[in-house]
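Here the structure is a predicted model, which is why all the values come from computation and not from measurement. Sequence lines set the chain letters: A, B, ... in the order given, protein chains first and strands last, and positions in each chain run from 1.
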There are 2 protein chains.
Amino acid sequence: MRLTTKGRYAVTAMLDLALHAGKGPISLADISERQGISLSYLEQLFAKLRRSELVRSVRGPGGGYQLSRDQVNINVAEVIDAVNESVDATGCHGSGDCQSGQTCLTHHLWCDLSEQIHAFLSSISLLDLVQRKDVQQVAKRQDRRYVDQLIMSTGEKAPADRKAAV
Amino acid sequence: MRLTTKGRYAVTAMLDLALHAGKGPISLADISERQGISLSYLEQLFAKLRRSELVRSVRGPGGGYQLSRDQVNINVAEVIDAVNESVDATGCHGSGDCQSGQTCLTHHLWCDLSEQIHAFLSSISLLDLVQRKDVQQVAKRQDRRYVDQLIMSTGEKAPADRKAAV
DNA sequence: TTATTAGCCGACTATTTTAGTAGGTTAAAT
DNA sequence: ATTTAACCTACTAAAATAGTCGGCTAATAA
Ligand code: FES
Ligand code: FES
């Protein structure tokens with residue numbers, strides 16, 4: 001079992017998509033900027049998310065990604081699973097044969113744990129996350145920061161005027 | 001967050017110790033044999049388990065390891081923790097600053113998950129495991145196999161007589 | 001006393017995974 | 001025609017995993 005940045009990035013990116021839904025496709029460059037994730041790495045993750053049919057892509061200018069299902073119908077467990085980070089805690093992947101073909105002493109414990117984690121993560125939908133106060137706060141901060149950077153790069157306003165400009 | 005063979009081995013070995021408690025110290029060679037874990041690797045794991053004061057060692061012939069506390073007072077979470085496999089699912093180790101010093105979008109989700117896993121694993125004591133039917137069955141099989149091998153290596157009985165010999 | 005047992009300790013290593021980078025191709029819009 | 005942004009393959013540095021190897025020390029038993 002493992003849960004590293006790969007799975008965390010995937011969930012974060014999907015949540016970013018959910019938060020900015022209804023404004024047309026979101027480009028990976030935007031997500032990269034807002035969430036601080038390398039663009040090329042995001043591309044790899046989204047290739048997997050697309051293969052798992054969790055997102056739809058639109059090519060060309062103004063293109064990007066959209067959730068392929070309703071937010072309430074996508075849960076955290078399947079996002080993590082899509083990028084090959086299994087939520088499985090057993091060493092035998094459930095088959096009960098990790099000790100030279102036979103069941104090891106702790107197999108059932110790991111099965112129970114896997115079930116526990118899976119039940120928890122699959123009970124949480126993207127909509128649940130979008131509606132959380134703490135998520136909304138962070139999202140607000142990120143959007144402000146993002147707009148700031150856009151203005152900075154266009155580059156005609158002094159830092160003190162930034163907030164007024166928005 | 002990670003849960004690999006390191007943590008699984010540690011729990012398995014500790015459970016082996018619990019199952020054979022009351023028969024004096026258990027040598028790592030015995031555990032290695034029964035559980036199919038490399039002896040040298042076990043030594044490394046037990047060095048950590050000893051530092052965390054989960055086991056006591058007895059040196060010399062007839063020596064080995066014993067649980068340093070009652071089975072009911074050792075839980076799975078602390079065993080995993082002792083071998084440096086954190087049960088923490090966050091990327092910031094709880095400090096909430098993984099996105100260049102600020103809290104990332106999914107921080108609270110991973111905190112919740114960590115809490116969930118920790119609550120589950122710390123609610124299970126070695127005694128709980130020892131009392132499980134499935135554990136007892138596997139333990140029985142392993143003990144039989146182990147005795148078989150002892151006889152084989154002493155080597156004076158034909159395979160057909162093995163069971164009678166015990 | 002001497003051999004054996006079994007814990008203790010440090011260093012070394014092959015393999016795998018992670019977290020990326022780099023460089024290009026293709027489809028759609030302006 | 002140019003730009004945008006998805007798409008794709010291959011490569012890579014660094015870290016972690018799952019060990020191995022060799023030697024040392026304390027305690028017991030012959
Ligand atoms: S973890 Fe399933 S048999 Fe060991
Ligand atoms: S996981 Fe804690 S801040 Fe990102």
**Student:** Let me know the distance between CD1 of B/I37 and C1' of D/dT20, rounded to the nearest Å.
**Tutor:**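 Those two atoms, CD1 and C1', are 16 Å apart.
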**Student:** Does a side chain donor of either B/H20 or B/D143 reach within less than 3.5 Å of an acceptor in the other side chain?
**Tutor:**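 Note: B/H20 and B/D143 side chains meet the donor-acceptor criterion.
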**Student:** Between C1' on C/dA6 and CZ on B/R56, what's the gap in Å once rounded to a whole number?
**Tutor:**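 It works out to 18 Å between those atoms.
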**Student:** Hey, does the side-chain of A/R59 have a donor or acceptor N/O within less than 3.5 Å of a partner on the base of C/dT26?
**Tutor:**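 Indeed there is one.
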**Student:** Starting at CG of A/L39 and ending at C1' of D/dT4, how long is that distance when rounded to a whole Å?
**Tutor:**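 It works out to 12 Å between those atoms.
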**Student:** How far apart are the closest heavy atoms of B/L105 and A/D16, and which atoms are they?
**Tutor:**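 Taking B/L105 first and A/D16 second, the nearest heavy atoms are CD2-N, 4.1 Å.
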**Student:** Rounding to a whole Å, what distance do you find between B/I26:CD1 and C/dT5:P?
**Tutor:**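 The answer, rounded to whole Å, is 18 Å.
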**Student:** Can you tell me if B/S38 touches the phosphate of D/dG19, counting only side-chain N or O atoms and a distance under 4.0 Å to OP1 or OP2?
**Tutor:**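 Checking B/S38 against D/dG19: no side-chain N or O falls below 4.0 Å of OP1 or OP2.
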**Student:** When you measure from the side-chain N and O atoms of B/T5 to the phosphate of D/dT17, is any distance below 4.0 Å, counting only OP1 and OP2?
**Tutor:**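 The answer is no; no side-chain N or O of B/T5 sits under 4.0 Å from OP1 or OP2.
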**Student:** Determine yes or no for a side-chain-to-main-chain donor-acceptor pair under 3.5 angstrom, with B/T90 supplying the side chain and B/G94 the backbone.
**Tutor:**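 Answer holds: yes.
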**Student:** What is the separation between atom OH on B/Y41 and atom P on C/dT13, rounded to the nearest whole Å?
**Tutor:**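 Interatomic distance, OH of B/Y41 to P of C/dT13: 18 Å.
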**Student:** Is it true that a side-chain atom of B/T103 and a backbone atom of B/D97 form a donor plus acceptor pair closer than 3.5 Å?
**Tutor:**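 No; zero donor-acceptor contacts below 3.5 Å.
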**Student:** So, does A/T4 get its side chain near the phosphate of C/dA19, meaning an N or O under 4.0 Å from OP1 or OP2?
**Tutor:**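 Affirmative; the distance criterion is met.
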**Student:** Are the side chains of B/Q66 and B/V55 in contact, using a 4.5 Å heavy-atom criterion?
**Tutor:**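 In short, these two side chains do not touch, never coming nearer than 4.5 Å.
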**Student:** Looking at D/dC7, D/dA6, D/dA27, which one has an atom nearest to any side-chain atom of B/P61?
**Tutor:**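 The closest nucleotide is D/dA27.
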**Student:** Step by step, work out the side-chain hydrogen bond (donor to acceptor under 3.5 Å, both in side chains) result for B/T106 and B/W110.
**Tutor:** CA-CA 7 Å; B/T106 44; B/W110 310 125; 3.0 Å; yes
**Student:** Is A/Y65 touching bases, backbone alone, or none of the nucleic acid, heavy atoms closer than 4.0 Å?
**Tutor:**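 Sugar-phosphate contact only - A/Y65 comes under 4.0 Å of backbone atoms but never of a base.
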**Student:** Whole angstroms only, please: what is the CG-P distance between B/L45 and D/dT20?
**Tutor:**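 From B/L45 CG to D/dT20 P: 12 Å.
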**Student:** Based on the rotation axes of five pairs at each end, what angle does the helix from C/dT1-D/dA30 to C/dT30-D/dA1 bend through, to 10°?
**Tutor:**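 Nearest ten degrees gives 10° for this helix.
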**Student:** Identify whether B/L45 and B/L39 are in the same connected component of the hydrophobic contact network (ILVMFWY, side-chain heavy atoms under 4.5 Å).
**Tutor:**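 B/L45 and B/L39: one cluster.
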**Student:** Parallel, tilted or perpendicular: which describes the rings of A/F46 and A/Y65, with under 30° parallel and over 60° perpendicular?
**Tutor:**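 The arrangement is tilted - the two ring planes meet at 30° to 60°.
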**Student:** What is the per-nucleotide protein-contact pattern of nucleotides 9-16 of chain D, from the 5' end, where B denotes a base atom under 4.0 Å from a protein heavy atom, S denotes such proximity for sugar-phosphate atoms only, and - denotes neither?
**Tutor:** -B------
**Student:** Check this for me, if you would: do B/E78 and B/R69 make a salt bridge, where the nitrogen-to-carboxylate-oxygen distance has to be below 4.0 angstrom?
**Tutor:**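 Judged by the 4.0 Å cut-off on N to carboxylate O distance, B/E78 and B/R69 do form a salt bridge.
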**Student:** Rounded off to whole Å, could you give me the CZ-to-C1' distance for the A/R8 and C/dA19 pair?
**Tutor:**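 Computing the A/R8:CZ to C/dA19:C1' distance gives 12 Å.
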**Student:** Any heavy-atom pair between the side chains of A/V76 and A/D128 that's under 4.5 Å?
**Tutor:**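 A/D128 vs A/V76: side chains apart.
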**Student:** Give a yes/no answer on whether the side chain of A/R50 brings an N or O atom under 4.0 Å of OP1 or OP2 in D/dC7.
**Tutor:**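 Looking at the OP1 and OP2 atoms of D/dC7, one of them is under 4.0 Å from a side-chain N or O of A/R50.
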**Student:** Counting the atoms with a prime plus P, OP1 and OP2 as sugar-phosphate, which does B/S40 contact under 4.0 Å by heavy atoms, base, sugar-phosphate, or nothing?
**Tutor:**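 The answer is base, as B/S40 lies within the cut-off (heavy atoms under 4.0 Å) of a base atom.
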**Student:** How many Å lie between NZ on A/K48 and C1' on D/dA6, as a whole number?
**Tutor:**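 Atom NZ in A/K48 sits about 18 Å away from atom C1' in D/dA6.
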**Student:** Which residue lies toward the 5' end of DNA chain C, A/Y9 or A/G60, if each is placed at its nearest nucleotide?
**Tutor:**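 Final value for this comparison: A/Y9.
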